[in-house]
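Notes to accompany the following structure.
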Amino acid sequence: MSETTSKTYDPTAVEHRWQERWAESALYKTDEDPSKPKHYALTMLPYPSGDLHVGHWYAMTPSDSRARFMRMRGYRVLFPIGFDAFGLPAENAAIRRGIHPRKWTYSNIENMRGQLKQMGAMFDLDTEVVTCDPEYYRWNQWFFLKFMEKGLAYRKEAPVDWCPKDNTTLAREQVVGPDRRCERCGTPVVKKNLAQWLFKITDYAEELLDFSGVEWPERVKTLQTNWIGRSEGAEIAFDVPGYGPIEVFTTRPDTLFGATFFVVAPEHPAVEKITTLEREADVRAYVESAGRMTEIDRTDVTREKTGVFTGAYATNPANGEAIPVYAADYVLLGYGTGAIMAVPAHDERDFEFAKKYGIEIRTVIAPPDWDGEPLAEAYPGEGLMVNSDGFDGMPNTEGKKAVTDDLEAKGVGRAAVTYRLRDWLISRQRYWGTPIPVIYCPEHGAVPVPEEDLPVRLPEDAEFMPTGESPLKLDPEFYNTECPVCGGPATRETDTMDTFMDSSWYQYRYLSPHYDEGPFDPEEGEKWLPVDQYTGGIEHAVMHLLYTRFFTKVMRDLGLVSFDEPMTRLFNQGIILGEDAEKMSKSRGNVVNPQEFVDRYGSDALRCFLMFIGPWDQGGPWDSRGIEGIARFLRRAHSLVAGGDASGGEADPKELPRRTARLVKKVTEDLEAFRFNTALASLMEHTNYLLAVKKEAGEEEWRDALRAFVLLLAPLAPHHAEEMWALMGLPYSVHVQEWPGYDEGLVRAEEITLVVQVNGKLRDRIDAPVDISAEDAKELAMKSEKVRSHVEGREIRKSIYVPGRLVNFVVG
RNA sequence: GCGAGAGUGGUGGAAUGGUAGACACGCUAGAUUUAGGAUCUAGUGCCCUCGGGCGUGCGGGUUCAAGUCCCGCCUCUCGCACCA
């Protein structure tokens, strides 16, 4: 170890030296001391793209600082890291350059391990997890089997979303925007009819709406709530003579008497059967044209509604009326029952349709001051029921239940809840993922691979050129197998799993990455679970964060864990933008390379600058010049212990203990609340003060103050603080020291600046003792020349004294 | 259309209803330096007759006092969107 006496700070050398020392001394090996309270801190695991970019730094280093802070405050902290290593980029890179995805991925991981070390984070690398390792994905398969056992995994043939560029199906969550694009590559998705495996996340829809067990940002809770999209209403059967009942879902059973027509989705299985002979040609033409339409056109809200009369009539169960049945593409097969009762008077869409096709618009909920005339537009609001037989005069809010009860009594309806949430489609037609552990036998159908045969290994030498078919289909050695039940010839499932499967439970695997009797060691689980503090981007609000909650609830029902929520607290950091305030991208040429700044200013400067830019949840543009300010601050801080010039300036050395106590309070509260920017601002301000009093301060007080300062700096600038600590001759390591405390009594000032206002306008500032009485304060204020000139000759109508702060005279 | 969030100096941003603009970038002047860079010192919201006046998207309101609370607008960002 080289000497730590240099006067100037050479970040590269110093940081490297401490990183080596930390590794040698296993400083960041997870503390298992059972006498300490546990703190499981987790930052979202990165995809091994090859380079740690500045976005990784922005996500990870504040998270690291927070974990370090908790450690110094006396918690035993688990702060693991791993790699989300399955997924398309590896496969695409392989296709482009002819390297095997495994090789590409592992060489990227190797590279990133070095970069992570350079970051100076306290990750415990012994717990590292790589999700493409059979040791890991074996448990993906195990979970799949458990899901199958519980009836939570099922296979279904249906029209699914297909990305033509990525050549795979997607989960509903991975289709984004009004124009339905692939979340990964932005290509508009198309529908394809395929047999796919799904997880029954909808079974947990109701429980997933309950956020009482988590302290999460409102924003995430709202996003998930909207995504799940709970609607309360009723299911009502409308009889179609000659066919049978067709069920509809409605949130407005109170408007049932106003249902003057009926609509089914063009793809609804009933369409073919109910269409009358003379309407057949028209209906067929319409259904075909709807089928040809792209998803984008079809869901365009501004398009005029179209539809076709089927010739059939449905019976309104409320009044026995026969109402015409239309097929129209504004009704979607995928939501509710794919059929609706149309109430034009009280639904905008039905109103538009009825106008166009000349269907009766019957008011059944009277708007306030209604004159009995036909409505000029749909009235979706509240009111009294009319034209509704025995329900007339009832407020419609009560009518919802009353009508539903009535239908239930007649056996033609019931209260019902519908969710927008769809089951999670997990099949992917790509190579670089977890093989789905199922075998198809001509005799026994879809048979789960026996647990003891796991893992079903991904073959190494597969052909992974994208053809639109699963690459594993081209590997007879893989897919030809025997039926586990009868031993007869059978074939394996050739689809792989969605990579969101991997990240749904990785936080559990970190506890015991090599445990081979289960997904994690339950003893370790007792010690650490659940995650106390999770940090990551908001973009995962309805994908990863919903899936991992679902997984945890299933794990609870499997008896693996005893809690309901995977992560108690969540903090969403913002996004770091390019210098032009645009999203960083290679095509824009605004990508910031962190290495450049680490080389020039050191990793502490980069860490601190990213935390100083602004509130962490806000993100913001990078500023290459701004980092200079942080580098300057760190150099100045270093000069506190390493000699160098102390600056003059006005500052009172007697204030040293008080200012230190205040700083401790401020930084503690700020780090507690993730306000890294203001914590750093306070440390900068304090540094400027310390430099100003350096020459005059008493030796002992100076040392105490400096010690506290270095401890406060430690979570934010770990290398720097370690160096300063060593230069002060204090024992290694600063990072295992106790967080400083402070004396509340000392925090309070003896002297205050009394602000004097006249009619709310600032007129003077006067030094006064902190405990000055209201009378004395007013008297003192009145002595001020500046105040008197504004008060003289006018009547003082009122005077206010805010203790320790200000006096306000109200004059006439 | 519905829902959520945000509008403060040239810039990033600070402000338990009580001194608006902390801290930093940038800029100006000075010191040091052969010069540049670095460093240090001072200044830096706008207007001004140097008394002060005006200032937190706009318009009202509550209050002794409003960036902060209430009402109504405008703009921007994000999410959802024919969801029955």
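Here is the naming used below: chain letters follow the sequence lines, and residue numbers restart at 1 for every chain. Keep in mind that the numbers below use all heavy atoms, side chains included, and drop hydrogens, waters and symmetry copies.
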Side-chain ion pair, A:E628 and A:R625, N-O less than 4.0 Å: no
N/O contacts under 3.5 Å, protein versus nucleotides 11-15 of chain B?
from  : atom 1 : to     : atom 2 : distance (Å)
B:G12 : O2'    : A:I613 : O      : 2.7
B:G13 : OP1    : A:Q618 : OE1    : 3.4
B:A14 : OP1    : A:N677 : ND2    : 3.1

From A:F676, A:Y601, A:W622, A:F597, residue fulfilling ring-ring contact (aromatic ring centres under 6.0 Å, His included) relative to A:F609: A:W622
Separation between the C1' atoms of B:A22 and B:A14, rounded to whole Å: 5 Å
Over 12 non-hydrogen atoms of neighbours within 6.0 angstrom of CZ in A:R797: no
Sugar-phosphate only, base, or nothing, as touched by A:R303 at under 4.0 Å among non-hydrogen atoms: base
Sugar-phosphate, base or nothing in reach of A:I800, heavy atoms under 4.0 Å: base
Between B:C64 (P) and A:K798 (NZ): distance, integer Å: 4 Å
Closest non-hydrogen atom pair, A:A781 against A:I766: CA-CD1, 3.7 Å
Minimum heavy-atom distance A:H790-A:V811, with the two atoms named: O-CG2, 4.3 Å
Atom C1', compared across B:G53 and B:C48: separation rounded to whole Å: 8 Å
Which residue lies more 5' along RNA chain B, comparing A:V176 with A:F249 via nearest heavy atoms: A:V176
Touch class at under 4.0 angstrom, heavy-atom based, for A:V248 against every strand present: nothing
Neighbour count above 12 (heavy atom, 6.0 Å) for A:R219 CZ: no
Syn/anti state for B:G51 [syn: chi within 90° of 0]: syn
Same-atom distance (C1') from B:A84 to B:A4, integer angstrom: 24 Å
Under-4.0 Å salt bridge between A:D161 and A:R180: yes
Salt bridge flag under 4.0 Å for residues A:R748 and A:E744: no
Inter-nucleotide C1' distance (B:G10, B:C27), Å rounded: 8 Å
No-H, no-angle donor-acceptor pair, A:R763 side chain to B:U19 base, under 3.5 Å: no
A:E785 with A:R788: basic N within carboxylate O range, under 4.0 Å: yes
Under 4.0 angstrom between A:R219 side-chain N/O and B:G3 OP1 or OP2: no
Presence of A:T222 side-chain N/O under 4.0 Å of B:G79 phosphate oxygens OP1/OP2: no
A:E685 side chain, from C-beta outward: closest of B:A84, B:A22, B:C80: B:A22
Distance under 6.0 Å and angle within 45° of ring axis: A:R420 vs A:W227: yes
Euclidean distance for P, B:U19 against B:G13 (whole angstrom): 23 Å
Sugar-phosphate only, base, or nothing, as touched by A:K305 at under 4.0 Å among non-hydrogen atoms: base
Below 4.0 Å: OP1/OP2 of B:A84 and any side-chain N or O of A:R349: no
Which atom of A:P621 lies closest to which atom of A:I613, heavy atoms considered: O-CD1, 3.8 Å
Touch class at under 4.0 angstrom, heavy-atom based, for A:R662 against every strand present: nothing
B:U39 OP1/OP2 closer than 4.0 Å to side-chain N/O of A:R632: yes
Side-chain N,O (A:R805) to OP1/OP2 (B:A65) below 4.0 Å: no
B:G45 glycosidic torsion: syn (within 90° of 0) vs anti: anti
Involving RNA chain B, stems made of at least three consecutive Watson-Crick or G-U pairs, both distances under 3.5 Å: B:1-7 with B:74-80, B:10-12 with B:23-25, B:26-31 with B:39-44, B:45-47 with B:52-54, B:57-61 with B:69-73
Closest-nucleotide ordering on RNA chain B, the 5'-leading residue of A:E352 and A:V802: A:V802
Nearest-Å distance for atom pair CG/P, residues A:D764 and B:G51: 15 Å
Euclidean distance for P, B:A35 against B:G45 (whole angstrom): 31 Å
